[in-house]
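Following: one structure in structure tokens, then a few remarks.
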Amino acid sequence: MQTDERSRRGGQRFGPADRVRSGRDFRRLSRGQRRRRAAHLVVVEGPSFGVEPAGSDTPGPRLGLTVSRKVGNAVARNRVKRRVREWFRRERGRLLPGRDYVVIARPGAAELDARALWSELAEATGR
RNA sequence: GGAGGUGGACGGAGGAUCGCCGGCAGGCAGGAUCGCCUGCGGGAGGAAAGUCCGGGCUCCACAGGGCAGGGAGGUCGCUAACGGCGACCCGGGGUGACCCGAGGGAAAGUGCCGCAGAAACCACACCGCCGAUGGCGGCUUCGGUCGCACAGGCAAGGGUGAAAUCGUGGGGUAAGAGCCCACGCGCGACAGCCGGGUGACCGGCGGCGGGGCAAACCCCUCCCGGUGCAAGCUCGAAUAGGGACGUCGCUUCGGGCGGCCCGUCCGAGUGGGCUUCGGCUCACCGACGUCCGGGUGAGAGCGCUCGAGCGGCGCAGCAAUGCGUCGCCUAGACGAAUGAUCCUCGCUGGCUUGCGGGCAACUGCUCGUCAGUACAGAACCCGGCUUACAGUCCACCUCCGGCA
RNA sequence: UGGGGCGUCGCCAAAUGGUAAGGCAGCGGCCUUUGGAGCCGCCAUUUGCAGGUUCGAGUCCUGCCGCCCCAG
């Protein structure tokens, strides 16, 4: 039901259920999972541990963010996170359901403009 | 008009599309952690930053006093408190508005002051000056006089240094010296007194003329218990049903060992788990009271925003601030929201088009174009401090120049 | 949130408040057919930055900047 409603509305909602939040999930994903890198970021991909929405077998893709202090000050880090979330919100339909994606930003990511960051994300996810 | 000083205010605006966080109301769904929809209104800063001080609040500890340790340091005030703020004093800087200062004590004691210099703090004299007095020698009219620089006197001049026992001028003297005088400078000791001020201090009279460093140890005065919202409180799940002591009920049965408590071994019985069906393994006292835990784990709620709050007015005060009164409610997240993309405008600077003012440097409006639009993100809450910042505006004041 | 430490030449590093040692690297020279080794010489002006105390500061004090570490 909710999945249908989501897709009908374009699927651009982004709530707590769509995020990787626990430290355990982050640690589980970081070990031995598929990772691809672009110039200023790394994407780790792995099977999701999210909860299935009612009426569906597979949970939607979830997003996790890691932006360390080396990327910049708090304002710069927040800006990077917002842009990555924006990308995930709009491009989620093209990602695999049932997978978790952790985006690790590297130094320099804050100096990119939004379009450059998004093209690197597309490159690193292969989609 | 130019240059500057102080204090204060602000720090982008509008629109379109897609979103985020929490509140209220309604609806739908429905184990929760973690649902969805609609509507309404709310959603970062002047520094939210650095975490340098001070408090509130929290739990723990606590009779009082002292020591250790840490901190503060002109005076008087303000304040919940402060290392903050205000006014004033003193010293320094600036033509000035104004700015800067950890600004108690060097006679309680200890220590240090390299190199240079004779000498660096308790005494002294390298070059030098003198040699009146005494000494030696020459001459002598026997009164003296000349020479030497031995005794001795001096600290002016030279020289060293960041600093050398006040500076300049005059008197004075054998040469000199605060030895005396005038003006100045300084004062911790000698020696205070008068006047003003709550006080730091200031003015006057008199007296004296003996370095520096306490952001060296230290002395004096004053302040400080620890802990930090991951504080702390409440609820809940699972694993485990622990250990010690005591009391009561009197504990599945039999046997062996050791004196007992009790422990251990063998066999049977009951129950649970696993099984290749041979067996293997675990449990076999219970209740109550007191004390003591360790590990795993999945969390959730409260704390959590109405507060030393913000704004206006009035009164007191030079001011910081206080009092009174009226009005207002202004983020509460937790892998962590407050945005993303695009368009238009604003602002600043460069170039440029046109019109105007001026002898000129230049300047006002205007068309276009390019570039820039900062520093920075609440994490329990306040009061400060410090640091960062594209630019804009306001008030008062100072100096210089022009005109009248 | 709380606590601790470190910034000295390109690298490593020493310095009771009194001229910023030393080594490696680099540069120049000697030696050598050449290179290496060896020997000699050169190499800090901003001691992370800004102030202050002092006659004098890498050292003492204050405020910043950067890096590293620890506890929950």
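Each chain gets a letter, A, B and so on, in the order the sequences are listed, and its residues count up from 1.
When both distances must be under 3.5 Å, the Watson-Crick or G-U wobble mate of B:G69 is B:C224. Across the strands present, B:G259 finds no partner; the criterion is a Watson-Crick or G-U wobble pair with both atom distances under 3.5 angstrom. Across all strands shown, B:A108 forms no Watson-Crick or G-U wobble pair with both distances under 3.5 Å. A 3.5 Å limit on both hydrogen-bonding distances identifies B:G312 as the Watson-Crick or G-U partner of B:U325. Remark: B:A378 base-pairs with no nucleotide in the shown strands. Criterion, Watson-Crick or G-U wobble with two distances under 3.5 Å. In this entry B:C148 has B:G135 as its Watson-Crick or G-U wobble partner, both defining distances falling under 3.5 Å. Under the Watson-Crick or G-U wobble criterion, with both distances below 3.5 Å, B:G4 is paired with B:C397. Nucleotide B:C122 forms a pair with no other nucleotide shown, judged by Watson-Crick or G-U wobble geometry with both contacts under 3.5 Å.
When heavy atoms are screened at a 4.0 angstrom cut-off, A:Asn73 is found touching the sugar-phosphate backbone but no base atom. Counting any heavy atom pair closer than 4.0 Å across all strands shown, A:Arg115 reaches sugar-phosphate atoms only and no base atom. If you check every strand for non-hydrogen atoms under 4.0 Å, A:Ala114 touches sugar and phosphate atoms only. Here A:Arg82 lies in heavy-atom contact (under 4.0 Å) with a base.
C:G66 atom C1' lies 14 Å from atom NZ of A:Lys70, rounded to whole Å. Rounded to whole angstrom, the span from the CG atom of A:Asn78 across to the P atom of B:A376 amounts to 14 Å. A:Arg69 has its CZ atom 20 Å from the P atom of B:G335, to the nearest Å. We find that CG of A:Leu65 is positioned 15 Å from P of B:C334, with the value rounded to whole Å. A straight line from CZ of A:Arg90 to C1' of B:C20 spans 15 Å, rounded to a whole angstrom. The CZ-C1' distance, from A:Phe88 to B:C18, rounds to 16 Å in whole Å. One atom, CD of A:Glu91, and another, C1' of B:U341, lie 13 Å apart when rounded to the nearest Å. The CZ-P distance, from A:Arg77 to B:A337, rounds to 11 Å in whole Å.
Checking B:G335, B:A376, B:G19 against every side-chain atom of A:Val75, the shortest atom distance belongs to B:A376. Checking B:A44, B:G339, B:U341 against every side-chain atom of A:Glu86, the shortest atom distance belongs to B:G339. In this structure, the nucleotide among B:G339, B:A337, B:G377 sitting nearest to the side chain of A:Arg89 is B:G339.
Annotation: cation-pi geometry not satisfied between A:Arg82 and A:Trp87 (NZ/CZ under 6.0 angstrom from ring centroid, within 45° of ring axis).
At the phosphate of B:A337, OP1 or OP2 sits under 4.0 Å from a side-chain N or O atom of A:Arg85.
For the C1' atoms, the distance from B:G93 to B:G167 is 25 Å, rounded to whole Å. Across B:C229 and C:G2, the matching C1' atoms stand 14 Å from one another, rounded to whole Å. Using P as the reference atom, C:A21 and C:C30 are 28 Å apart when rounded to the nearest Å. B:C40 sits 16 Å from B:G15 when the P atoms are compared, rounded to a whole Å. Nucleotides B:C53 and B:G83 place their P atoms 13 Å apart, quoted to the nearest Å. On the C1' atoms, B:A106 is 40 Å away from B:A80, given to the nearest whole Å. Taking atom P in both B:G339 and B:G317, one finds a spacing of 49 Å when rounded to whole Å. Comparing the same atom, C1', in B:G209 and in B:C166 gives a spacing of 7 Å after rounding to whole Å.
B:A9: glycosidic angle beyond 90° from 0, hence anti. Under the 90° criterion around 0 for the glycosidic angle, B:G278 counts as syn. B:G31: glycosidic angle beyond 90° from 0, hence anti. The glycosidic torsion of B:U173 lies more than 90° away from 0, placing the base in the anti range. In B:U330 the O4'-C1'-N dihedral to the base is within 90° of 0, which defines a syn nucleotide.
By the side-chain contact (heavy atoms from CB on, under 4.5 Å) test, A:Arg37 pairs with A:Val42, A:Arg106, sequence neighbours left out. Considering only residues two or more places apart in sequence or on other chains, A:Ala39 meets the side-chain contact (heavy atoms from CB on, under 4.5 Å) condition with A:Glu120.
A donor-acceptor pair under 3.5 Å is absent between the side-chain atoms of A:Arg35 and the main chain of A:Val43, judged by distance alone.
Between A:Lys81 and A:Ala74, the residue anchored closer to the 5' end of RNA chain B is A:Lys81, taking for each the nucleotide with the nearest heavy atom. Comparing A:Asp113 and A:Ala76 against RNA chain B, the residue whose closest nucleotide sits nearer the 5' end is A:Asp113.
The CD atom of A:Glu86 sits 5.5 Å away from the CH2 atom of A:Trp118 when rounded to the nearest 0.5 Å.
In summary, of the residues considered (A:Ile104, A:Val71, A:Leu41, A:Val44), a side-chain contact (heavy atoms from CB on, under 4.5 Å) with A:Thr66 occurs for A:Ile104 alone.
The two atoms that bring A:Ala76 and A:Gly72 nearest to each other are CB-CA, 4.2 Å, heavy atoms only. Between A:Pro107 and A:His40 the shortest heavy-atom distance is O-CD2, 3.6 Å.
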